[in-house]
Protein chains: 2
Amino acid sequence: MSEQESYYKKKQDPSLKLFVVLTKAQRSVADLVKDDIQRYGLNPTEFGVLELLYHQGEQPLQKIGEKILLASGSITYVVDKLEKKEYLERIPCPNDRRITFASITEKGREFLNDIFPDHWKQIERITDGLTDEEKVQAIELLKKLGQNAEGNQN
Amino acid sequence: MSEQESYYKKKQDPSLKLFVVLTKAQRSVADLVKDDIQRYGLNPTEFGVLELLYHQGEQPLQKIGEKILLASGSITYVVDKLEKKEYLERIPCPNDRRITFASITEKGREFLNDIFPDHWKQIERITDGLTDEEKVQAIELLKKLGQNAEGNQN
DNA sequence: CACCATGAATTTTATATTTAACTATACCCT
DNA sequence: AGGGTATAGTTAAATATAAAATTCATGGTG
């Protein structure tokens with residue numbers, strides 16, 4: 001089989017196609033969500049950290065890294081930025097002096113309360129290419145795909 | 001409705017859930033593909049550019065940026081790197097001296113021919129959480145989602 | 001108790017990417 | 001032809017992220 005034939009055959013392959021289409025869709029969606037978030041003066045990472053603290057309460061920096069998938073050095077960096085904006089504060093752990101908690105401030109909480117409604121509306125708009133039934137389908141498939149891929153990490 | 005209730009209600013919302021799950025799945029998959037590509041000494045962007053030239057022939061740098069969604073400054077950067085590795089060369093356009101083409105070299109072509117088979121195998125492995133039928137379903141849904149989101153960019 | 005392996009956070013360094021400013025060329029248009 | 005405007009690519013600066021080295025604290029074990 002020639003190079004060209006081999007390529008055209010491969011382009012039909014569901015695995016490869018899925019990878020390409022997953023990449024593009026996520027990129028398109030993420031770019032629009034990013035535009036939305038930037039209007040509020042945050043980038044998606046900062047927003048993600050703040051959201052985490054809002055919903056799950058104060059966390060050791062370490063844990064934040066695990067949940068948001070960010071290297072420890074990067075955590076220090078974004079927590080610094082959020083602290084400068086006064087949306088969170090560092091709280092030393094009394095029992096274990098190696099540990100520092102990050103905790104959302106009242107200002108941070110109010111900030112999120114202010115922007116959530118419109119933010120959610122934007123996400124609905126951005127994803128309105130699919131009906132609710134299709135979204136549920138997509139969620140199931142993506143969950144399966146993602147969980148399996150994670151498990152493969154060795 | 002309290003903040004907490006509002007949050008828990010929102011967590012059920014298919015749009016928001018879809019966004020979260022799309023982000024995570026893509027991240028898991030992309031990380032593994034990245035590991036695969038790095039074994040060959042490239043990062044995903046370099047790989048993407050090279051693949052584009054392999055499949056679609058020489059391109060004005062400008063066009064590469066449009067197709068890969070990369071700012072013009074970044075194009076210069078990755079094309080420089082690929083040129084240093086001798087996987088591509090710059091070719092000035094004779095008709096329009098503003099334009100420079102990037103063209104894959106023989107070395108670059110051989111390189112991709114060497115790695116494609118295993119690369120495809122890896123992608124199959126990474127996506128094997130879904131059956132072929134599910135992949136086809138997911139492709140349709142993601143295509144629809146992505147195209148619609150792109151259209152929203154105004 | 002003293003030592004050492006581990007773990008958490010920071011610091012530093014490297015890499016990737018975007019944005020903005022700049023240069024050169026081409027096109028238009030009267 | 002000349003002047004204005006748009007386009008391609010590069011350069012430089014700013015930002016984001018990852019990777020590696022460093023510091024400090026803890027807990028276990030000989």
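Within every chain, numbering begins at 1; the chains are lettered A, B, ... in the order of the sequence lines, protein sequences first and strands thereafter.
Computed from coordinates, the B:R97 CZ to C:dA26 P distance equals 5 Å when rounded to whole Å. The NZ-P distance, from A:K63 to C:dA9, rounds to 10 Å in whole Å. Here the C1' atom of nucleotide D:dA16 and the CD1 atom of A:I68 are 15 Å apart, to the nearest Å. A straight line from CD of B:Q38 to C1' of C:dA16 spans 12 Å, rounded to a whole angstrom. As a whole-Å value, the separation of B:D31 CG from D:dA18 P is 8 Å. Atoms NZ (A:K84) and P (D:dA16) sit 11 Å apart, rounded to a whole Å. Per the geometry, CD belonging to B:E66 stands 11 Å off P belonging to D:dT7, to the nearest Å. The distance between atom CG of A:L42 and atom P of D:dT15, rounded to the nearest whole Å, is 15 Å.
Checking the phosphate oxygens (OP1, OP2) of C:dA16, a side-chain nitrogen or oxygen of B:Y77 falls inside 4.0 Å. Of the side-chain N and O atoms in B:T100, none sit less than 4.0 angstrom from OP1 or OP2 of D:dA8. For the OP1/OP2 pair of D:dA16 and a distance below 4.0 Å, the side-chain nitrogens and oxygens of A:N43 include at least one atom meeting the criterion. For the pair B:K81 and C:dA16, the criterion of a side-chain N or O lying under 4.0 Å from OP1 or OP2 is met. For C:dT18, the OP1/OP2 oxygens have a side-chain nitrogen or oxygen of B:S74 closer than 4.0 Å. Taking 4.0 angstrom as the limit, B:K34 places none of its side-chain polar atoms (N or O) nearer than this to OP1 or OP2 of D:dA18. Distances shorter than 4.0 Å separate some side-chain N or O of B:R90 from OP1 or OP2 on D:dT10.
The minimum heavy-atom distance between A:K135 and A:L130, with the atom names listed, is CE-O, 3.4 Å. Residues A:F101 and A:L61 approach most closely at C-CD2, 4.4 Å, considering heavy atoms.
Residue-level contact check: B:N95 touches the backbone only, with heavy atoms under 4.0 Å from sugar-phosphate atoms and none from bases. Across all strands, B:I75 comes closer than 4.0 Å to no nucleic acid atom at all (heavy-atom distances).
Between A:F47 and A:Y87, a ring centre-to-centre spacing not shorter than 6.0 Å is recorded.
With C:dA26, D:dT26, D:dT10 as the choices, the nucleotide that has an atom nearest any side-chain atom of B:R98 turns out to be C:dA26. Taking only side-chain atoms of A:L61, from C-beta outward, the nucleotide of D:dT26, C:dT10, C:dT18 with the closest atom is C:dT10.
By the 4.0 Å N-to-carboxylate-O rule, A:K24 lies too far from B:E150 to be salt-bridged with it. Using a 4.0 Å cut-off between charged nitrogen and carboxylate oxygen, B:K107 and B:E110 do not count as a salt-bridge pair. A:R90 has a carboxylate O that lies under 4.0 Å from a charged side-chain N of A:D80, or vice versa, which qualifies the two as a salt bridge.
Taking 3.5 Å as the limit, the base of C:dT11 and the side chain of A:T76 contain no donor-acceptor pair of atoms between them.
Nearest-nucleotide positions on DNA chain C place B:A71 closer to the 5' end than the other of B:D96 and B:A71. When the nearest nucleotides of DNA chain D are assigned to A:P94 and A:G73 by heavy-atom distance, the more 5′-ward of the two goes with A:G73.
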